[in-house]
Protein chains: 2
Amino acid sequence: MTATQTPAPEADWLRLDRQICFSLHAASRAFNSVYRVILKDLGLTYPQYLVMLVLWEQGDLPVKKLGEHLRLDSGTLSPLVKRLEGAGLVRRERSAHDERSVQVRLTGEGAALRERALQVPRRIMAATGFELTEIGELRERLDRLTAALDTAALEEAPEHH
Amino acid sequence: MTATQTPAPEADWLRLDRQICFSLHAASRAFNSVYRVILKDLGLTYPQYLVMLVLWEQGDLPVKKLGEHLRLDSGTLSPLVKRLEGAGLVRRERSAHDERSVQVRLTGEGAALRERALQVPRRIMAATGFELTEIGELRERLDRLTAALDTAALEEAPEHH
DNA sequence: CACGATTAAGTTGTGCACAACTCAATGGCT
DNA sequence: AGCCATTGAGTTGTGCACAACTTAATCGTG
């Protein structure tokens, strides 16, 4: 192309980029898809399951805290939590001492669902066919990637604080 | 952790599941977010960029083939390609010898955009801070994961053709 | 106390993913 | 040829992600 000799160095990078983009994108969707099937029994979507996992682990939380745990903003969480409320799994109550804040509380039904959810991880593990250690390594890499991307995102968008 | 006595084995699995789910989910979104910023210059979304990468690499393709490369169905691709057409990057033409099929063709503008896209991968690499080899390893694991999940998905949904 | 800035939640609008569906073109089979 | 199953694209409806915005409560500082 434009280069002197070099066959097409930048073009190779594009090709590589396609492969990386695609791998992560596809893995995310494949994971999502397996969860979708398994979670259908519980009547939950994958993001709803994530919210429930946090609530089961941390107890009742305001929407803000939920968002911090999941890195999601109110634009995503508000309608999602509303659907969970519609399903009878949580209630939403404005906090007494701060009327801006809304507490998300597990209902009895929501808490009980945890028992049925206990079987989910085993089924997912079986679906991946991965060993525990391998999953751990993958997770470590992904977390490092996310951390790196997060700092990079801040630098790209020059709105410093 | 869950040694000989195993205090609450299933609950630990739930906790682990939350970590894995979350890692992949978060990594995918973080990646998406960095691409969003970088691709804004090109006027492309992340999935639109994936489509363009395939077209630049493979040349004009029918929607069906595009979908096979990207594992996306017409429900996702039809409106996406229509938006690319609206942006003047591709044209859609019904195939002459099979009126069902629609060829997606790069316009001059669409082909030209590739030149500007050549800088994207370098910026992404810089954002991740990963070495090439490390990215390769990550990609290998993700692809294996996706493959395992895909077969598992078929077994879960017992619709054997 | 007052007033401007900040904060939490929610709303609106756009785009993606996917299931379930429609519709027209094609191909196979008798 | 005639009929029907299959195929490719598109549509509809639901839910998620996120940017940009609104609204109301709270906080900080003079």
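This one's a predicted model, so the numbers in the text were calculated from it and none came from an experiment. To find a chain, count down the sequence lines: A is the first, B the second, and so on, and within it residues start at 1.
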Original post:
Nearest-Å distance, CG (B/L61) to P (D/dG8)?
Top reply: 14 Å
**OP:** Measure the distance from CD on B/E68 to P on D/dT7 and round it to the nearest whole Å.
**Re:** 12 Å
**OP:** Could you check B/L80 against A/V63 and say which one's nearest nucleotide on DNA chain C is further toward the 5' end?
**Re:** A/V63
**OP:** Give a yes/no on whether any side-chain N or O of B/K82 is located under 4.0 angstrom from OP1 or OP2 of D/dT11.
**Re:** yes
Subject >> Gap between atom CZ of B/R92 and atom CG of B/D60 - 0.5 Å precision >> reply: 14.0 Å
Subject >> 5' precedence on DNA chain C between A/S78 and B/D73 (nearest-nucleotide basis) >> reply: A/S78
Original post:
Does B/S101 put a side-chain nitrogen or oxygen below 4.0 Å from OP1 or OP2 of D/dA9?
Top reply: yes
Subject >> Distance test, side-chain N/O of B/R92 to OP1/OP2 of D/dG10, below 4.0 Å >> reply: yes
Original post:
Between C/dA25, D/dA9, D/dC18, which nucleotide has the shortest distance from any of its atoms to the side chain of A/L72?
Top reply: D/dC18
Original post:
Taking CG from A/L44 and C1' from D/dG15, how many angstroms apart are they, rounded to a whole number?
Top reply: 13 Å
Original post:
Would one find more than 12 heavy atoms of other residues, nucleotides or ligands at under 6.0 Å from atom CZ of A/R15?
Top reply: no
**OP:** Let me know the distance between CD of B/Q103 and C1' of D/dA9, rounded to the nearest Å.
**Re:** 13 Å
Original post:
How long is the line joining NZ of B/K64 and P of C/dA24, in whole Å?
Top reply: 20 Å
Original post:
Taking atom C1' of D/dA19 as reference, at what distance in whole Å does atom CG of A/L77 sit?
Top reply: 15 Å
**OP:** Determine: side-chain N/O of B/R29 to OP1/OP2 of D/dC18, distance under 4.0 Å, yes or no.
**Re:** yes
Original post:
Looking at C/dA19, D/dC18, C/dT6, which one has an atom nearest to any side-chain atom of A/R36?
Top reply: C/dA19
**OP:** Nearest 0.5 Å please: distance from the CE atom of A/M52 over to the CG atom of A/L113.
**Re:** 5.5 Å
Original post:
Could you go step by step and tell me if B/D17 and A/Y49 meet the side-chain contact (heavy atoms from CB on, under 4.5 Å) rule?
Top reply: CA-CA 10 Å; B/D17 198 42; A/Y49 174 63; 2.5 Å; yes
Subject >> Under 3.5 Å donor-acceptor pair, B/S74 side-chain atoms to D/dG10 base atoms >> reply: yes
**OP:** Side chain of A/R100 only, please: which of C/dA17, D/dA24, D/dG8 is the nearest?
**Re:** D/dA24
**OP:** For B/D98 and C/dG27, give me the distance from atom CG to atom P, rounded to whole Å.
**Re:** 6 Å
Subject >> Length of the line joining B/R94:CZ and D/dA9:P, which is rounded to integer Å >> reply: 8 Å
**OP:** For B/H25 and for B/K40, locate the closest nucleotide of DNA chain D by heavy-atom distance; then report the residue assigned to the nucleotide nearer the 5' terminus.
**Re:** B/H25
Subject >> First of B/P79 and B/N32 reached from the 5' end of DNA chain D, by closest nucleotide >> reply: B/P79
Original post:
Hey, is B/D41 close enough to B/R123 for a salt bridge, meaning N to O under 4.0 Å?
Top reply: yes
